[in-house]
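Because the structure is a prediction, the values reported are computed rather than measured. These numbers come from the heavy atoms of this one structure, side chains and all, not from hydrogens, waters or symmetry mates. Sequence lines set the chain letters: A, B, ... in the order given, protein chains first and strands last, and positions in each chain run from 1.
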Number of protein chains: 2
Amino acid sequence: MARKYIDNPNTCSLVHTMNIIGNKWKPIILYLLSSGSIRFGMLNTLIPTISKKVLTNQLKELENDGLLLRQSFAEIPPRVEYSLTEKAVGLLPALRMLSDWANEAYPEMKFEECRIVEKEKSAYNNILKK
Amino acid sequence: MARKYIDNPNTCSLVHTMNIIGNKWKPIILYLLSSGSIRFGMLNTLIPTISKKVLTNQLKELENDGLLLRQSFAEIPPRVEYSLTEKAVGLLPALRMLSDWANEAYPEMKFEECRIVEKEKSAYNNILKK
DNA sequence: AATAGTGGTAACTAAAAAGTAACTAATGGC
DNA sequence: GCCATTAGTTACTTTTTAGTTACCACTATT
């Protein structure tokens with residue numbers, strides 16, 4: 001007999017959600033994509049501390065879980081754009097609540113270490129303008 | 001200069017939230033405790049697949065992050081009860097949204113594998129009755 | 001005198017995740 | 001002919017996380 005988690009009616013689906021997005025990078029990726037599609041290389045620039053290998057991996061997993069759409073253009077050099085699916089868009093309000101919670105619960109942090117260098121900043125602004 | 005994450009105003013606090021609760025066990029622990037305080041051994045029974053060491057560890061981290069209150073009673077055999085802090089209670093609505101999202105986004109799953117053996121079930125019911 | 005019950009800890013091993021550096025294919029431009 | 005560009009992949013190492021087993025302290029019960 002399968003012994004998994006207690007069947008508190010919501011625990012199990014919560015576990016599932018955490019399996020899908022509960023790690024270091026995925027919420028960031030989803031949040032960045034919430035303002036439109038972004039290319040692979042640009043994601044790599046926007047998240048300067050992630051390695052290509054891990055980024056590739058996270059994107060693949062998100063795609064497999066139905067949260068990302070991967071569009072590959074037959075160009076040289078190659079172009080691949082990632083965007084959110086409807087499923088992922090439905091997740092954004094919950095992610096927003098989680099970040100609001102952190103702001104409220106840890107006001108002393110102010111998350112001031114989250115500055116970025118100008119290179120990434122202007123790259124990101126270009127994304128938004130597009 | 002610190003290179004961290006893009007300063008999309010919410011990305012950073014979201015990262016912080018995920019650092020605190022974004023793993024396999026913590027959301028389960030928080031959800032179980034949402035109906036009242038529970039003893040260490042009972043948590044271990046309610047989450048049959050966690051090891052004592054990992055449970056201890058998760059509880060400590062949650063306590064350090066201000067989400068759990070640990071009450072140790074001077075009895076023999078020892079009794080230690082864990083309960084949610086206000087901070088943690090403020091997180092519950094967001095967790096609820098995450099689990100609702102999974103139910104909607106993956107209706108085909110129905111999370112039917114989440115049955116538990118009778119032993120844990122009755123233990124959990126006793127908790128709820130208390 | 002031995003055992004059960006509770007909430008752990010310590011030492012060790014195994015597995016998973018992440019990081020690093022070099023490499024690739026195809027084409028356009030110099 | 002050579003370099004740059006993009007979106008990866010491969011092989012390898014390091015770090016992090018999780019799991020296992022044995023053990024402890026203290027008392028009541030058998």
Original post:
Given that A:Asn57 and B:Arg79 both sit by DNA chain C, which one's nearest nucleotide is further toward the 5' end?
Top reply: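 Its nearest nucleotide being more 5', the pick is B:Arg79.
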Original post:
In degrees, rounded to 10°, what is the bend between the two ends of the helix from C:dA1-D:dT30 to C:dC30-D:dG1, using five pairs at each?
Top reply: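 End-to-end axis angle for the helix from C:dA1-D:dT30 to C:dC30-D:dG1: 30°, rounded to 10°.
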Rounded to the nearest 0.5 Å, what separation is found between the [atom1] atom of [X] and the [atom2] atom of [Y]?
X	Y	atom1	atom2	result
A:Leu59	A:Leu67	CG	CG	11.5 Å
A:Trp101	B:Lys87	CH2	NZ	7.0 Å
B:Met97	B:Asp100	CE	CG	7.5 Å

Between atom [atom1] in [X] and atom [atom2] in [N], what is the gap in whole Å?
X	N	atom1	atom2	result
A:Lys60	C:dA17	NZ	C1'	15 Å
A:Leu59	D:dT6	CG	C1'	14 Å
B:Leu55	D:dT17	CG	P	17 Å
A:Phe40	D:dT9	CZ	C1'	10 Å
B:Arg70	C:dT6	CZ	C1'	12 Å
B:Glu75	C:dA4	CD	P	22 Å
A:Met18	D:dT17	CE	P	16 Å
B:Ile76	D:dA25	CD1	P	12 Å

Original post:
Is the NZ or CZ atom of B:Lys52 positioned over B:Phe40's six-membered ring, under 6.0 angstrom from the centre and within 45° of the axis?
Top reply: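 No; the conditions do not both hold, so B:Lys52 does not lie above the ring face of B:Phe40.
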Subject >> Shared hydrophobic cluster for B:Ile21 and B:Val54 (ILVMFWY, side-chain gaps under 4.5 Å) >> reply: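 Yes, same cluster.
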**OP:** Please state whether the phosphate of D:dA7, meaning OP1 or OP2, lies under 4.0 angstrom from any side-chain nitrogen or oxygen of A:Arg39.
**Re:**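 It does, given that an N or O in the side chain of A:Arg39 lies less than 4.0 Å from OP1 or OP2 of D:dA7.
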Subject >> B:Gly66 backbone acceptor or donor facing B:Thr85 side chain under 3.5 Å >> reply: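 Present.
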Original post:
Checking B:Tyr106 side chain against A:Asp65 main chain: does a donor-acceptor pair fall under 3.5 Å?
Top reply: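 It does hold such a pair.
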Original post:
So what does A:Gln58 hit on the nucleic acid, given a heavy-atom distance under 4.0 Å: a base, only sugar-phosphate, or nothing?
Top reply: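 A:Gln58: backbone/sugar contact only, no base atoms under 4.0 Å.
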Subject >> Sugar-phosphate, base or nothing in reach of A:Phe73, heavy atoms under 4.0 Å >> reply: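 Nothing: the residue A:Phe73, judged by heavy atoms under 4.0 Å, touches no strand.
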Measure from the side-chain heavy atoms of [X] and tell me the nearest of [options].
X	options	result
A:Lys53	D:dA7, D:dC12, C:dG8	D:dC12
A:Ser51	C:dG19, D:dG8, D:dT5	C:dG19
B:Pro78	C:dT27, D:dA7, C:dT6	C:dT6
B:Lys52	C:dA26, C:dG7, D:dA7	C:dG7

Original post:
Considering heavy-atom distances to DNA chain D, does A:Gly41 or B:Val54 have its closest nucleotide positioned more toward the 5' end?
Top reply: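 Taking each residue's closest nucleotide, the earlier one in sequence belongs to A:Gly41.
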